[in-house]
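Proteins get letters first, then strands, A, B, ... in listed order; numbering begins at 1 in each. Quick caveat, the model's predicted, so the values are computed rather than measured.
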Protein chains: 2
Amino acid sequence: MRIGELAARAGTTTRTLRYYESRGLLPARRGTNGYRSYDEGDLKLLRQIRTLQDFGFDLEETRPFVECLRAGHPQGDSCPASLAVYRRKLDELDALIGELTAVRATIAVRLAAADEPPADEPPLCEMGGQEL
Amino acid sequence: MRIGELAARAGTTTRTLRYYESRGLLPARRGTNGYRSYDEGDLKLLRQIRTLQDFGFDLEETRPFVECLRAGHPQGDSCPASLAVYRRKLDELDALIGELTAVRATIAVRLAAADEPPADEPPLCEMGGQEL
DNA sequence: CGTTGCCCTGACGTTGGCGTCAAGGATTAC
DNA sequence: GTAATCCTTGACGCCAACGTCAGGGCAACG
C-alpha cells in the first residue's frame, strides 16, 4: 500500500503521514522506486495515533501507544507507559474541566447581573444561574 | 504614566502593551519625546483586557468590552455587544466542557479496563468500547 | 561626562500540526 | 504515446499572543 491509499483509509492526508514519519512516529519502508510502502500494521498504528489525536493528545503522547503496538501487544494501551499517559491525561483533563467550569460560572453570573439589573431592592434568595 | 509603569501595575509586559496598541485595542497618547503616555483610564481598560484574556477570551473578543468602557460605561459588560460575547462564550464553554468530559470518561474506562484485566469470565454488563 | 535605565522601532523566533505550493520523476489508463 | 495521477523532496505559510534580540535615542544621577 502506498501513501495515498493509507491516508485515505485512515481518513487523513499524505502530508500528515510524511509529518509523522519526520517525527519518527510512523517510519515507512521504501519500494525500489523510492515510494513509501505500508502494510495493514501501519494502518493500525496510524489509527491509534489518530484516535488519540482526536482525544486531544499531543503527538508525542501517542508514541508510547504506537511503540506498544509495534512491540506486538494487541492494544496500544497494554503497556505501562501508555497507562501512565492515560493517568496524566486524566489529571490534565480534570484540571482543565475544573478551570473551564469555574470560568463558565463566573461568566454566567456576570451575564445574569447585566441581564437583570432592574433590582432596586435585592431579592431574598439568590440562586446561582446554573444551566449546564 | 509611561509604558513600563503601566505594564508593571497591570502585571504584564511592555511588549504586550505595544502588541495591544498594534491591534488597535489600546492606543496611546505620545509625549514630546515620543514616549507613550497612559492614565488611570488606560489602566482600567488594560485590566479589563487581561481579565478576559485570563478567562480564555481571544483578544478580538475583548474589544466590545474595551469600547464599552471607553464609551463611558462603568463596566465593560454594560453594553449589548459585550453581553453577546458572554453568551457566545457560554455556548463555547458548554460545548468544550462536554467534549472534554466525554473524552475523560472514555479514557477512564480504558484505564480501568487495562488496570484490571484479570477478568477470566466476562462480567454481566458489557459497556461498548466507544471510540470518539 | 559617563553610565545606568528607561524608551523607541523593526524584525525574527516560538509552539503544533499540519496546508500549500513548486519542480520534478514514476506509474497507470486509454 | 501521452495525458492524467500518483509519488518524491524542500520550503514557506498559518494561527495567537506575545518573547527576544538588535540598534539607537533620551534622561537623570553622581
Side-chain angles (χ1 to χ4, degrees), chain A residues 1-39 42-43 45-66 85 88-89 92 96 100 103, chain B residues 1-39 42-43 45-66 85 88-89 92 96 100 103:
Chain A
M1 177 170 30
R2 294 182 306 184
I3 195 171
E5 187 182 345
L6 178 61
R9 288 182 63 184
T12 183
T13 68
T14 60
R15 178 69 184 90
T16 296
L17 299 192
R18 294 199 188 94
Y19 177 65
Y20 291 170
E21 182 174 358
S22 79
R23 305 273 81 197
L25 205 58
L26 192 64
R29 279 117 282 167
R30 297 299 182 116
T32 55
N33 52 11
Y35 285 13
R36 289 173 179 81
S37 177
Y38 303 91
D39 58 22
D42 292 319
L43 178 58
L45 298 183
L46 179 53
R47 284 188 168 143
Q48 172 75 82
I49 297 172
R50 292 267 91 199
T51 297
L52 295 176
Q53 283 270 88
D54 288 345
F55 283 175
F57 284 52
D58 294 343
L59 257 194
E60 275 312 307
E61 292 176 324
T62 72
R63 198 179 293 274
F65 296 80
V66 174
V85 174
R88 203 152 45 73
K89 215 63 190 177
E92 285 178 24
L96 182 55
L100 293 178
V103 168
Chain B
M1 174 167 35
R2 293 181 305 184
I3 195 171
E5 187 183 344
L6 178 60
R9 288 181 64 185
T12 182
T13 68
T14 60
R15 179 69 183 91
T16 295
L17 299 190
R18 295 197 187 96
Y19 177 65
Y20 290 170
E21 182 174 359
S22 79
R23 306 273 80 197
L25 205 59
L26 192 64
R29 278 117 283 167
R30 296 300 181 117
T32 56
N33 52 9
Y35 286 12
R36 288 172 179 82
S37 177
Y38 303 91
D39 58 22
D42 292 319
L43 178 57
L45 297 183
L46 180 52
R47 284 189 169 143
Q48 172 75 83
I49 297 171
R50 291 267 91 198
T51 297
L52 295 176
Q53 283 271 88
D54 288 345
F55 283 174
F57 284 52
D58 293 344
L59 257 195
E60 276 311 308
E61 292 177 323
T62 72
R63 199 179 292 274
F65 296 81
V66 174
V85 174
R88 205 152 43 74
K89 214 63 191 178
E92 285 178 24
L96 182 55
L100 293 178
V103 168

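Annotation: the span from A:Tyr38 atom OH to A:Arg29 atom CZ amounts to 8.5 Å, rounded to 0.5 Å. One distance of note links CG of A:Leu6 with CZ of A:Arg2; it measures 12.5 Å at 0.5 Å rounding. Atom CD of residue B:Glu21 and atom CZ of residue B:Arg36 lie 4.5 Å apart, to the nearest 0.5 angstrom. To the nearest 0.5 angstrom, B:Glu5 atom CD is 13.5 Å from B:Thr14 atom OG1.
The nearest whole Å value for the distance from the CD atom in A:Glu21 to the P atom in D:dT8 is 8 Å. Taking atom CZ of A:Arg30 as the reference point, atom P of D:dT8 lies 6 Å away to the nearest angstrom. Rounding to whole angstrom units, CD of residue A:Glu60 and P of C:dC18 are separated by 13 Å. If you measure from atom CG of A:Leu52 to atom P of C:dG16, you get 17 Å, rounded to the nearest angstrom.
Each of A:Leu17 and A:Tyr35 lies near DNA chain C, and the nucleotide nearest A:Leu17 is the one positioned closer to the 5' end.
Below the 3.5 angstrom threshold, one finds no donor paired with an acceptor across the side chain of A:Tyr19 and the base of C:dG19. Side-chain atoms of A:Tyr20 stay outside donor-acceptor range of the base of C:dG17, with no qualifying N/O pair under 3.5 Å.
Side-chain atoms of B:Arg2 lie closest to C:dC7 of the nucleotides C:dC7, C:dT27, C:dC18.
The phosphate of D:dT9 has OP1 or OP2 within less than 4.0 Å of a side-chain N or O from A:Arg36. The side chain of A:Asn33 contributes an N or O atom lying less than 4.0 Å from OP1 or OP2 of C:dT27. For A:Gln53 and C:dC18, the shortest distance from a side-chain N or O to OP1 or OP2 is below 4.0 Å.
Inter-residue side-chain proximity for A:Phe65 and A:Ile49 is flagged as unmet; no heavy-atom pair is nearer than 4.5 Å.
Residue-level contact check: B:Arg18 touches the bases, meaning some heavy atom is under 4.0 Å from a base atom.
Checking B:Tyr20 against B:Arg50 by side-chain atom types alone, a donor-acceptor pair falls below 3.5 Å.
Under 4.0 Å is where a charged nitrogen must lie from a carboxylate oxygen, and between B:Arg88 and B:Glu61 at least one such pair does.
Of all the residues in residues 6-15 of chain B, B:Thr13, B:Arg15 reach under 4.0 Å from DNA chain D with at least one non-hydrogen atom.
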